[in-house]
Protein chains: 2
Amino acid sequence: MILSTKGRYGLKMMFELAKKHGNGTMSLKDIAKNQELSETYLEQLISHLRKAGLVNSIRGAQGGYELSKTPSEITVGEIIRTLEGPLAPSDCVVDNEPECTKAGYCVTRPIWERIMESINSVIDSITLQDMINDFQKLILTKEGENERE
Amino acid sequence: MILSTKGRYGLKMMFELAKKHGNGTMSLKDIAKNQELSETYLEQLISHLRKAGLVNSIRGAQGGYELSKTPSEITVGEIIRTLEGPLAPSDCVVDNEPECTKAGYCVTRPIWERIMESINSVIDSITLQDMINDFQKLILTKEGENERE
DNA sequence: TGAAATCCGAGTTAATAACTAGGGATTCGG
DNA sequence: CCGAATCCCTAGTTATTAACTCGGATTTCA
């Protein structure tokens, strides 16, 4: 029930771009360096994010990536679902299969549906801007702690 | 982000035992037949459920399994976590690693924590008795539909 | 023009999921 | 007391997938 690196790394990438938002593009090289991840692997991931319209790319030297919208307009849910597909605990829920058993009903299915809904409601309620806000609050706290030492 | 067959089959097994609860034991053979699953595979799964104290087993001919408690005392969460381990979207959340990055903080971690909490709150709020109630309601509805035809 | 970047598809490797196999131990019914 | 039914346990197998890597093409700026 773990999220793959696609979703996890993808969100970290998007957070890097969110911090940079409004200040031009950022190269994949820098994103990879900041998050200590493989550049060639991130390349694949960001390609999906671009095709989904979440980031813009500028090719050629001095090129890079940038968010296509402001951080407050992009949710964690969009990012993760773009890279992972639907976050369903069982395939039957996403494919909307008529019934998994020949009995005509499945007792576990409503449970998978409720889990999926609850996950989605969490990740759809968080935007990149929220992450930035939390991040800055954390930084301020840490600085305060250091001063008091 | 899919649940493995361990959790999915395990829950189906426990539901079979819950229906039978109060009427003696049920053999693995019958459980497997009812749910159309591999008997030898289910054997492994139920072994964990037994060690976790969720089911009792009676060995020998005419033996079988039964719930160790009443259906209302067993939650879906207990069953799934027994078979799947903690339902965390990232390992860092379950191992309680101090920090994943050398920067001293991780912006994505609070999100994984919130997802985990939300999944757990769903599955911990559903008992086997709830599943039985839903199941019986469904049966009655179907019967009603048939009568009206 | 050449270095820096994005773009693209295919290939590799290691881990894991999902079983299967085989034999041992226990218990009941006849 | 025997044999069939059942649980118990460990190890092996197979297929899939995750997590990358690689090579090269294209674009653009300086």
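Just so we're clear, the structure is a prediction, and the values are computed from it rather than from any experiment. Letters go in sequence order (proteins before strands), and every chain restarts at 1.
The CD1 atom of I46(B) sits 15.5 Å away from atom OH of Y9(B), with the distance rounded to the nearest 0.5 Å.
Between the C1' atom of dA17(C) and the CG atom of L83(B) lies a distance of 14 Å, rounded to the nearest Å. Between the CG atom of L17(A) and the C1' atom of dT6(C) there is a distance of 14 Å, rounded to whole Å. Between N56(A) atom CG and dC7(C) atom P there is a gap of 10 Å when expressed in whole angstrom units. Between H48(A) atom NE2 and dC20(D) atom P there is a gap of 16 Å when expressed in whole angstrom units.
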Query raised in the report: Nucleotide by nucleotide, 5' to 3', does protein get under 4.0 Å of the base (B), only the sugar-phosphate (S), or neither (-) in nucleotides 1-18 of chain D, counting heavy atoms?
Result: ----BBBBB-B-------
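Legend: residues meeting salt bridge (charged side-chain N to carboxylate O under 4.0 Å, His left out) with E16(B), ordered by chain and number and at least two apart, are K19(B). For S38(B), the side chain to side chain contact (heavy atoms under 4.5 Å, CB included) partners are T40(B), Y41(B), not counting sequence neighbours. Residues that satisfy the salt bridge (charged side-chain N to carboxylate O under 4.0 Å, His left out) test with R114(B), not counting sequence neighbours, are absent from this structure.
Here D124(B) pairs with R81(B) in a salt bridge; the nearest charged N to carboxylate O distance falls below 4.0 Å. By the 4.0 Å N-to-carboxylate-O rule, R109(B) lies too far from D134(A) to be salt-bridged with it.
You'll find the side chain of V93(A) stays beyond 4.5 Å of the side chain of I115(A), heavy atoms only.
Within the structure, every pair that satisfies the ring-ring contact (aromatic ring centres under 6.0 Å, His included) test and touches residues 15-38 of chain B, not counting sequence neighbours, is listed here: F15(B)-F135(B).
Each end of the helix from dT1(C)-dA30(D) to dG30(C)-dC1(D) yields a helix axis from five base pairs, and these two axes differ in direction by 10° (to the nearest 10 degrees).
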